[in-house]
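Each ligand, and each atom within it, is numbered from 1 in the order the structure gives.
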Amino acid sequence: KTTRPLSSLPNVNALFGEVRVVRSKQRPRHILVTGGAGFLGSHLCERLLKAGHTVICVDNFSTGLERNIRHLRNFDRFSVLKHDVIHPIDIEVDEIYNLACPASPPHYQADPVHTMKTCVLGALNLLELAARTGARIFQASTSEIYGDPLVHPQVEGYWGNVNSFGPRSCYDEGKRSAETLFFDFNKKHHVEIKVARIFNTYGPHMRPDDGRVVSNFIVQALKGQDITIYGDGSQTRSFCFVNDLIDGFQQLMATEPSFTGPVNLGNPVEFTILELAEMVIQMTGSRSKTIRNPLPTDDPRQRRPDISLAQRELGWQPMVPLATGLEKTIHYFDRLLAEEAHELAE
Ligand code: NAD
Ligand code: UDP
C-alpha cells in the first residue's frame, strides 16, 4: 500500500480553517446538544464551547463518531452521555439543540421504525425536558418537510408534497410530526421553540460512508472509483457549507422568544447533481468516470430554499460559495483517507 507517514499529515481536526466564534453577550449557559457526535452536532458543540458555554453531548453513536468530538475532550466544560433519545432524559439545562437523528437516506432507511421513534419520541422527551427546566429548545427540522416540492423555491408557508408510506416517510413524516409537537408545546406549555428547516449541508466531519451525495462524490473521486449518479443527474439540490449553517443556528437561537420559525436555513444557489459531479472531478483532478444508478424512489426532483425569512428575522445568509466549501471538504477527506490508510498499513 502507498501511504504517507502520519507525521506529515496535519491533524484532521485542525483543517476546519477558521472556526467563527460568536461571543455571547449573555452569561455562559448549560447547553444540551443531542446528536452532538454527528456531522452538524460536533461543529455546534465546538462553537458553543468556544463561546464559553458548558456543553453536554447526548448521542447513541449510531451514525455519530467519537473521532468527531475527540478534540473537544480538552474542554473541561464538555461532557458526553451515551443515550438514546427515544428514552426520557432528565438533566438541568438552560438550552437544548435537538439534532439527534440519522440524516442520510441509507442510514435513516436502515431502521425506519427506529428513525420514526427518534424523530417523534426524541422530540417529545426533549420537549418535556424543556417544559420542566424552562430551557429554550431548537429543533433540527428539514427541507424534507416539503417532500418532492411542487412549489419552487420552497417557502416556509408551503405545506409540502410528502408520501406517507414510502421509503423516505419514516424521516419526512417523523420530522413533520416533530414540528407539530414543537408548536403544540409552544402553544400549550409556553416552551420557547426555534424550528430550523435545514437544507442539504456538507463539510468536514461527514462520514466517508455517510451515503449523501457530497461525501460520496468526493470519496469516490479521491479513491479513483466510479462516481455514482442516481437517475440522469438533472435533479437539483442547493448545498450549504457547515460553518454558514452553524452561524444560522446561533442567530436563530438568539432571536426574541416570539420568533419560533419554522425558518429555512440553506444556501439558495441551486446545482444539478451532474454539475456537482463535474465540479468534484475537476477540483480533485480525479480520473473517475461517472456511472448511472437507478434513481431512488421518491427522490425529490428539485430543491432550493427561499431564505427571505432568515435574511429578515435573523440577518443571516450563507457566505461560503460551493467551490470554497468543496475545497475545504475535499481537503478534509483527503487527509482522513490518508490517515485511515496509514492506520490499516500499521
Ligand atoms: P448525522 O447522522 O451525522 O448526525 C446525527 C447524530 O444523531 C449522530 O451522532 C447519531 O449517532 C445521533 N443519533 C441518531 N439517532 C439517535 C438517537 N435515537 N439517540 C441519540 N442520538 C442519535 O447527521 P447530521 O447531518 O449531523 O444531521 C443532524 C440533524 O440535522 C438531524 O436531525 C438531521 O435530520 C438534521 N438535518 C441535517 C441536514 C444536513 O444536510 N446535514 C439537512 C436537514 C436536516
Ligand atoms: N445522489 C447521487 N449519487 C449519490 C448519492 C446521492 O446521485 O451517490 C443524489 C440523490 O439521488 C439525490 C441527491 O443526490 O437526488 C442528493 O442526495 P442526498 O442523499 O445527499 O440528499 P437528499 O436526497 O436527502 O437531499
Side-chain angles (χ1 to χ4, degrees), residues 33-45 57-66 68-69 80-87 89 97-109 111 114-119 121-123 125-126 138-145 148 168 171-172 174-175 178 196-203 205-207 210-220 225-240 242 245 249 264-267 271-274 276-277 290-303 305:
V33 179
T34 75
F39 160 48
L40 298 180
S42 55
H43 287 274
L44 177 63
C45 288
C57 160
V58 162
D59 205 295
N60 69 353
F61 290 89
S62 52
T63 57
L65 295 171
E66 197 273 335
N68 285 347
I69 50 172
V80 181
L81 191 61
K82 189 168 184 208
H83 173 82
D84 194 309
V85 296
I86 70 169
H87 304 296
I89 183 163
Y97 285 85
N98 185 33
L99 272 61
C101 186
S104 159
H107 290 155
Y108 68 64
Q109 290 170 22
D111 187 348
H114 196 264
T115 298
M116 192 77 176
K117 282 184 177 173
T118 297
C119 290
L121 298 179
N125 289 327
L126 274 310
F138 171 103
Q139 167 68 355
S141 191
T142 168
S143 53
E144 295 283 335
I145 292 289
D148 190 4
R168 300 176 85 96
Y171 184 75
D172 300 11
K175 290 282 187 178
R197 290 186 179 157
I198 304 164
F199 284 63
N200 300 64
T201 301
Y202 67 97
H205 286 195
M206 295 183 91
R207 297 169 64 112
D210 179 273
R212 281 175 278 185
V213 69
V214 175
S215 48
N216 269 11
F217 284 4
I218 292 177
V219 171
Q220 289 162 345
Q225 297 169 345
D226 291 338
I227 308 266
T228 51
I229 310 274
Y230 301 164
D232 64 6
S234 64
Q235 70 272 35
T236 68
R237 294 293 186 274
S238 309
F239 300 102
C240 185
V242 61
L245 187 78
F249 284 11
N264 290 338
L265 294 181
N267 192 313
F271 292 86
T272 66
I273 295 306
L274 268 182
L276 175 72
T290 54
I291 57 159
R292 299 282 163 92
N293 283 357
L295 187 69
T297 306
D298 295 341
D299 198 274
R301 283 287 320 148
Q302 52 180 3
R303 183 180 289 155

Glu144 with Lys175: basic N within carboxylate O range, under 4.0 Å
no
Interfacing atoms of ligand 1 (cut-off 4.0 Å, heavy-atom, Ala140)
29 (C), 30 (O), 32 (O), 35 (C)
Where on His83 is there a heavy atom closer than 4.0 Å to ligand 1, on the side chain, on the backbone, on both, or on neither?
backbone
Do the side chain of Gln220 and the main chain of Ile218 share a donor and acceptor less than 3.5 angstrom apart?
no
Nitrogen or oxygen atoms of Val58 and ligand 1 under 3.5 Å apart
no
Closest heavy-atom approach to atom 20 (C) of ligand 1 among Leu44, Ile69, Asn60, Leu265 is made by Asn60
Determine, considering heavy atoms only, which of Leu99, Ile198, Leu81 sits nearest to atom 42 (C) of ligand 1.
Ile198
In terms of its nearest heavy atom to atom 1 (P) of ligand 1, the top option of Asn98, Thr63, Asp111 is Thr63
Between ligand 2 and the protein, tabulate every N or O atom pair separated by less than 3.5 Å, reporting distance only.
unit_1   : atom_1 : unit_2 : atom_2 : d
ligand 2 : 3 (N)  : Thr228 : O      : 2.6
ligand 2 : 7 (O)  : Tyr230 : N      : 2.8
ligand 2 : 8 (O)  : Asn216 : ND2    : 2.8
ligand 2 : 8 (O)  : Thr228 : O      : 3.3
ligand 2 : 8 (O)  : Thr228 : OG1    : 2.9
ligand 2 : 8 (O)  : Tyr230 : OH     : 3.4
ligand 2 : 11 (O) : Asp299 : OD2    : 2.7
ligand 2 : 15 (O) : Gln235 : NE2    : 3.0
ligand 2 : 15 (O) : Arg237 : NH2    : 3.3
ligand 2 : 15 (O) : Asp299 : OD1    : 2.5
ligand 2 : 15 (O) : Asp299 : OD2    : 3.4
ligand 2 : 20 (O) : Val213 : N      : 2.8
ligand 2 : 21 (O) : Asn200 : ND2    : 3.4
ligand 2 : 23 (O) : Arg168 : NH2    : 3.0
ligand 2 : 23 (O) : Arg237 : NH2    : 3.1
ligand 2 : 24 (O) : Glu144 : OE2    : 3.3
ligand 2 : 24 (O) : Arg168 : NH2    : 3.0
ligand 2 : 25 (O) : Asn200 : ND2    : 2.9
ligand 2 : 25 (O) : Arg237 : NE     : 2.7
ligand 2 : 25 (O) : Arg303 : NH1    : 2.7

What are the two closest non-hydrogen atoms of Thr115 and Pro102, and how far apart are they?
OG1-CG, 4.1 Å
Has the side chain of Asp59 got a donor or acceptor atom that lies under 3.5 Å from a matching backbone atom of Phe61?
yes
Given Gly41, Gly174, Cys101, Gly211, which has its nearest heavy atom closest to atom 5 (C) of ligand 1?
Cys101
Gly38-ligand 1 polar pair, N/O distance under 3.5 Å
yes
Is there any N or O on Asp59 that sits under 3.5 Å from an N or O of ligand 1?
yes
The atoms of ligand 1 lying under 4.0 Å from a heavy atom of Pro102, numbered in the order shown, are 2 (O), 14 (C), 15 (N)
Under 4.0 Å to a heavy atom of His114 - the qualifying atoms of ligand 1, by number:
18 (N)
With heavy atoms of Ala37 as the reference, note each atom of ligand 1 found under 4.0 Å away.
9 (O)
Can an N or O of Asn200 be found at a distance shorter than 3.5 Å from an N or O of ligand 1?
no
Polar contact flag for Thr201 and ligand 1 (N/O pairs, less than 3.5 Å)
yes
Please work out, at 4.0 Å between heavy atoms, whether the side chain, the backbone, both, or neither of Met206 comes within that distance of ligand 1.
neither
Does Asp148 use its side chain to pair, donor to acceptor, with the backbone of Arg301 at less than 3.5 Å?
yes
Give the intermediate values and the outcome of side chain to side chain donor-acceptor pair (under 3.5 Å) for residues His107 and Thr63.
CA-CA 8 Å; His107 290 155; Thr63 57; 5.4 Å; no
Of the side chain and backbone of Ser104, name the one, both, or neither that has a heavy atom under 4.0 Å from an atom of ligand 1.
neither
Under 4.0 Å, heavy atoms only, figure out whether ligand 1 is touched by the backbone of Glu144, its side chain, both or neither.
neither
When you compare ligand 1 with Ala100, is there at least one nitrogen or oxygen pair between them that comes in under 3.5 angstrom?
no
Quick check on side-chain contact (heavy atoms from CB on, under 4.5 Å): which of Thr142, Leu245, Leu99 does Ile198 satisfy it with?
Leu245
I need the atoms of ligand 1 closer than 4.0 Å to a non-hydrogen atom of Gly64, numbered in the order shown.
8 (C), 9 (O), 10 (C), 11 (O)
Proximal atoms of ligand 1 relative to Ser62 (non-hydrogen, under 4.0 Å):
10 (C), 11 (O), 13 (N), 14 (C), 15 (N)
Could you label the plane-to-plane angle of the Phe239 and Tyr202 rings as parallel, tilted or perpendicular, counting under 30° as parallel and over 60° as perpendicular?
perpendicular
Starting from atom 27 (O) of ligand 1, which protein heavy atom do you reach first, and at what distance in Å?
Ala103 CB, 3.6 Å
Can you list the atoms of ligand 1 that are under 4.0 Å from a heavy atom of Gly35?
6 (C), 7 (O), 9 (O), 12 (C)
Under 4.0 Å, counting heavy atoms only: does Lys175 come that close to any atom of ligand 1?
yes
Under 4.0 Å from ligand 1, counting heavy atoms only, is it the side chain of Tyr171, its backbone, both or neither?
side chain
